[in-house]
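First up is the structure itself, then whatever we jot down about it.
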Amino acid sequence: MPDMIEQIHSRFVRALQGAFGDAVADTDPLIAPAGNLKFGDYQANVAMSLGKRLKRNPREVADEIVANLDKQGLFDDVEVAGPGFINLRLCADAIAGELAVLSGDDHLGIARPAQRQTIVVDYSGPNVAKEMHVGHIRSTIIGDCIARVLAMQGHDVVRQNHLGDWGTQFGMLIEHLLDKEQTFPDVRQLEDYVIQDLETFYRDAKRKFDTDPEFAIRARKRVVALQAGDERTLKLWKMIVDESRTHFSDVYERLNVNLNNGDLKPESAYNDALVDIVNGLADAGLLQESQGARVVFAPGFEDADGHPLPMIVQKSDGGYLYATTDLAAARHRIDERGAARIIYVTDARQSQHFAMVFATLRMVGWAGPHVRLDHVPFGTILGKDNRPFKTRQGGTVKLIDLLDEAEQRAAAIINQKNPDLPDGKREAIAHAVGIGALKYADLSNDRVKDYVFDWDRMLAFDGNTAPYLQNAYVRIRSIFRKAHEQDIDTSAIDASPIVLGNPPERAIALQLLQFPRMVDVVADSLEPHRLCNYLYDLATAYHKFYEACPVLTADNVATRNSRLRLSALAATTLRTGLNLLGIDVNEQM
RNA sequence: GCCCCGGUAGCUCAGUUGGAUAGAGCGGCGGUCUUCUAAACCGCAGGUCCCAGGUUCGAAUCCUGGCCGGGGUACCA
């Protein structure tokens, strides 16, 4: 489906050619939404740069483009202004026609990709034996949004939850569990332990590891036993992993995140491939010995002393590291899963790590030139004191506690603002509003920056928040509910003509037409906040429309049906957009 | 030291491919409900876009050099 900007673009390409011939065949007419509404709907900014290139007055260039522009059926008004801006006002009929196409499309105008790709999105990645905490929320939420957007486009999205389930820390944890069994033979069955117990054991084990040399030796031996596949050790490890997986599933379900057990591909899944990775690097002539470790040097990386910085793939004691696992995972995803693009959603501190992994994948040829590798970095969540977000006591904020508080705060606000809601719906609404607010606060900020966590702001019904967007949806649904009560037939509104008689109607229509492009923008930039900004603008445009344009009490049936249709499309777009963010809507709130 | 990221209104943040008078929300001041959820809308006040150069018809945006903050920088992830 050609969207509005494409149509304008192609008219201008022809106008350019008509005015200046083939010399400007590849010149971009620079079509953009108008910077200011009083200038029109769209503008073309090509005349200034082209004037420079042709050594001609840019205003004359603009005039000549306009003289060659086919305005028929698309532009109401075309004006040259300032140094050579071409301001465009679209015909209401052209907007309405385009909108009609959009509203008839069950895909809301989002273009299917020319080539359907398999895209791996690697996100969340919590650590086994630890409760999920605030440090996991950004990867989980941002990654889920990205996966949803790419899936909406029509790609084959492979979600990968790269669980941290392997490594030296499990040696000490398991050894500690065995100690407990020895010391207290009558303790509960180990299978009965829940994630909170494991977290406590983990801390105890760490303390013992740091203070008790004898335990530290046993813990290291336990790592070897684990890696060697010792039955008893493996059994305990598996117990730990299973309990953790249950916990993760619970969190994902409450967060409305599309990750399930089928998406789990933990670090341990690559154990058997690690030897091949090192051998493969050696075969390619990239492997070097340095200070007893086996490493790869990628050009352009330096350590603190200005020496080349290695990426260690095998430690001096023979153990492997996350670089090795990441190489194995990438190779698996490309060779076995057919990935054309791999997206890693991790915090910004890992930027250098992924830069080195990507460089190595390119050098050794495991990622060919057609495989796109994206690291999607994000900043830290800060408290109001601009320090990393902690509990009042200075501890780590558990994700479950955060979700509980979000729902409780949402429930309190809803009870206060709308006491008439039916009891059976309160819980679902508090869930959608609370979790939605929490997720939206994260997604609506430019992800690469740190952001300040503030309950009152994220749960406010004013400003760029989830409740504000959800409320716009609710207001629309309320209109349709009222229509039903008044026996107004809304079943055939999709066949009614769209009439754009006044500015708020035009504004909402133009905003709705931009949705498909926004989805593409997010898919390419991997910046969910752009979609948030768009939806906020859409909700604002709708609220203005709502104030200015009575729907059910419109002057005549044609206007009423047109406004119902605009409202319905706005609702669908809001619901779809919020769904891409992983946020639910309700009929009431 | 070197590398990466950030610095925009009192606060929290947007700012599209370099484009016209830099925008929102909160907070402050003032309006708008017998009428579809006022959980909203409208208006006013508020700016050294960190600083200094440079490129350009045009710079918050690009380049160079500073300043401030965060992160990374050899066997944790």
Side-chain angles (χ1 to χ4, degrees), chain A residues 28 30-36 38-39 43 45 48-49 51-52 57-58 81-85 87 125 127 164 167-169 267 290-295 300-307 309-317 319-323 325-326 346-353 355 377 379-380 382 384 386 388 413-414 416-418 420 433 444-446 448-452 454 456-457 460-465 467-468 470-472 474-483 486 517 521 525 529-530 532-533 536-537 540 543-544 546-548 550-553 563 567 588-589:
Chain A
D28 186 341
L30 298 172
I31 310 298
N36 188 324
K38 76 180 181 197
F39 296 133
Q43 59 187 61
N45 297 331
M48 283 81 80
S49 52
K52 180 78 177 172
N57 181 334
F85 296 101
N87 291 329
N127 298 314
T168 48
Q169 69 271 31
E267 288 179 341
S290 177
Q291 299 176 24
R294 308 175 90 177
V295 308
F301 297 94
E302 289 183 356
D303 70 9
D305 300 320
H307 302 121
L309 181 68
M311 185 177 74
I312 300 175
V313 292
Q314 192 168 19
K315 294 193 285 183
S316 46
D317 68 2
Y320 301 100
L321 294 102
Y322 70 141
T325 312
D326 277 336
T346 78
D347 69 287
R349 288 177 300 197
Q350 295 188 41
S351 293
Q352 183 173 265
H353 164 70
T380 308
L382 306 175
K384 280 187 179 175
N386 278 321
I413 294 169
I414 290 161
Q416 184 207 334
K417 302 239 183 191
N418 196 352
D420 301 331
V433 171
S444 60
N445 285 286
D446 184 357
V448 82
K449 296 184 188 176
D450 297 346
Y451 82 92
V452 176
D454 182 342
D456 292 334
R457 210 171 54 244
F461 292 79
D462 299 302
N464 192 8
T465 68
Y468 180 84
Q470 289 168 321
N471 181 237
V474 162
R475 287 180 117 181
I476 300 171
R477 295 306 305 156
S478 179
I479 291 174
F480 280 87
R481 216 163 35 243
K482 279 281 191 315
Q486 296 170 17
R517 197 167 55 87
V521 163
S525 68
H529 80 285
R530 300 233 209 165
C532 295
N533 286 340
Y536 177 57
D537 289 343
T540 302
H543 278 130
K544 289 179 182 181
Y546 183 93
E547 294 290 327
V551 178
L552 297 179
T553 54
R563 288 178 180 172
S567 297
Q588 287 170 273
M589 63 191 280

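Residue numbers start from 1 in every chain, and the chains themselves are labelled A, B, ... in the order their sequence lines are given, proteins ahead of strands. Note that the structure is predicted; figures quoted are calculated from it, not measured.
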Where the side chain of [X] is concerned, which of [options] is the nearest nucleotide?
{"X": "Gln352(A)", "options": "G19(B), U73(B), C5(B)", "value": "U73(B)"}
{"X": "Lys315(A)", "options": "C75(B), G25(B), G70(B)", "value": "C75(B)"}
{"X": "Asn533(A)", "options": "G15(B), G6(B), U17(B)", "value": "G15(B)"}
{"X": "Asn386(A)", "options": "G1(B), U12(B), G15(B)", "value": "U12(B)"}
{"X": "Lys544(A)", "options": "A74(B), U17(B), C42(B)", "value": "C42(B)"}
{"X": "Tyr536(A)", "options": "A24(B), A39(B), A74(B)", "value": "A24(B)"}
{"X": "Val551(A)", "options": "G6(B), A74(B), C36(B)", "value": "C36(B)"}
{"X": "Val452(A)", "options": "A74(B), U12(B), U17(B)", "value": "U12(B)"}
{"X": "Pro83(A)", "options": "C36(B), G19(B), C26(B)", "value": "G19(B)"}

Heavy atoms under 4.0 Å, any strand shown: does [X] hit a base, just sugar-phosphate, or nothing?
{"X": "Asn445(A)", "answer": "sugar-phosphate"}
{"X": "Ala304(A)", "answer": "base"}
{"X": "Ala293(A)", "answer": "base"}
{"X": "Leu321(A)", "answer": "sugar-phosphate"}
{"X": "Gln588(A)", "answer": "base"}
{"X": "Ala460(A)", "answer": "nothing"}
{"X": "Leu382(A)", "answer": "nothing"}
{"X": "Ser316(A)", "answer": "base"}
{"X": "Ser290(A)", "answer": "base"}
{"X": "His353(A)", "answer": "nothing"}

Which whole number of Å gives the distance between the [atom1] atom of [N] and that of [M]?
{"N": "C26(B)", "M": "C42(B)", "atom1": "P", "value": "11 Å"}
{"N": "U56(B)", "M": "G18(B)", "atom1": "C1'", "value": "9 Å"}
{"N": "C50(B)", "M": "C68(B)", "atom1": "C1'", "value": "7 Å"}
{"N": "C13(B)", "M": "G7(B)", "atom1": "P", "value": "11 Å"}
{"N": "G72(B)", "M": "C29(B)", "atom1": "P", "value": "44 Å"}
{"N": "C3(B)", "M": "C41(B)", "atom1": "C1'", "value": "50 Å"}
{"N": "C5(B)", "M": "C11(B)", "atom1": "C1'", "value": "23 Å"}
{"N": "C76(B)", "M": "C49(B)", "atom1": "P", "value": "48 Å"}

Using Watson-Crick or G-U wobble geometry with both distances below 3.5 Å, tell me the partner of [N], or none.
{"N": "U34(B)", "value": "none"}
{"N": "C49(B)", "value": "none"}
{"N": "G6(B)", "value": "C68(B)"}
{"N": "C29(B)", "value": "G43(B)"}
{"N": "A24(B)", "value": "U12(B)"}

Check whether any side-chain heavy atom of [X] sits under 4.5 Å from a side-chain heavy atom of [Y], and report yes or no.
{"X": "Lys482(A)", "Y": "Val551(A)", "value": "no"}
{"X": "Met589(A)", "Y": "Asn471(A)", "value": "yes"}
{"X": "Pro467(A)", "Y": "Lys417(A)", "value": "no"}
{"X": "Arg563(A)", "Y": "Ile479(A)", "value": "no"}
{"X": "Tyr320(A)", "Y": "Val313(A)", "value": "no"}
{"X": "Asn464(A)", "Y": "Tyr468(A)", "value": "no"}
{"X": "Gln43(A)", "Y": "Asn87(A)", "value": "yes"}

**OP:** Measure from the ring centre of Tyr468(A) to the centre of the six-membered ring in the base of A39(B), then say whether that distance is under 5.5 Å and the planes meet at under 30°.
**Re:** no

Subject >> Aromatic-base stack, Phe85(A) on G19(B), cutoff 5.5 Å, angle under 30 >> reply: no

Nearest-Å distance for atom pair [atom1]/[atom2], residues [X] and [N]:
{"X": "Asp446(A)", "N": "C13(B)", "atom1": "CG", "atom2": "C1'", "result": "10 Å"}
{"X": "Leu309(A)", "N": "A74(B)", "atom1": "CG", "atom2": "C1'", "result": "7 Å"}
{"X": "Asp317(A)", "N": "A74(B)", "atom1": "CG", "atom2": "C1'", "result": "13 Å"}
{"X": "Asp305(A)", "N": "A74(B)", "atom1": "CG", "atom2": "P", "result": "9 Å"}
{"X": "Asn464(A)", "N": "A24(B)", "atom1": "CG", "atom2": "P", "result": "13 Å"}
{"X": "Asp347(A)", "N": "C76(B)", "atom1": "CG", "atom2": "P", "result": "18 Å"}
{"X": "Arg457(A)", "N": "C11(B)", "atom1": "CZ", "atom2": "C1'", "result": "8 Å"}
{"X": "Leu30(A)", "N": "U56(B)", "atom1": "CG", "atom2": "P", "result": "19 Å"}

**OP:** Would you kindly compare Ala348(A) and Ile413(A) by the position of their nearest RNA chain B nucleotide and give the one closer to the 5′ end?
**Re:** Ile413(A)

Original post:
Closer to the 5' end of RNA chain B via nearest nucleotide, is it Ala34(A) or Val474(A)?
Top reply: Ala34(A)

Tell me whether the side-chain N/O atoms of [X] come closer than 4.0 Å to OP1 or OP2 in [N].
{"X": "Lys449(A)", "N": "G7(B)", "answer": "yes"}
{"X": "Lys482(A)", "N": "U35(B)", "answer": "no"}
{"X": "His529(A)", "N": "G15(B)", "answer": "yes"}
{"X": "Tyr451(A)", "N": "G70(B)", "answer": "no"}

**OP:** State, to 0.1 Å, how close Thr465(A) and Arg457(A) come at their nearest heavy-atom pair, and which atoms those are.
**Re:** CG2-O, 3.3 Å

Original post:
How far apart are the closest heavy atoms of Ser351(A) and Pro377(A), and which atoms are they?
Top reply: OG-CB, 4.0 Å

Tell me if the side-chain of [X] makes a donor-acceptor pair with the base of [N], cut-off 3.5 Å, by modelled atom types.
{"X": "Thr540(A)", "N": "A24(B)", "answer": "no"}
{"X": "Gln43(A)", "N": "A20(B)", "answer": "yes"}
{"X": "Asn87(A)", "N": "A20(B)", "answer": "yes"}

**OP:** Name the orientation of the base relative to the sugar in C33(B): syn if the glycosidic angle is within 90° of 0, else anti.
**Re:** syn

**OP:** Answer yes or no: does atom CZ of Arg349(A) have more than 12 heavy-atom neighbours from other residues, nucleotides or ligands under 6.0 Å?
**Re:** no

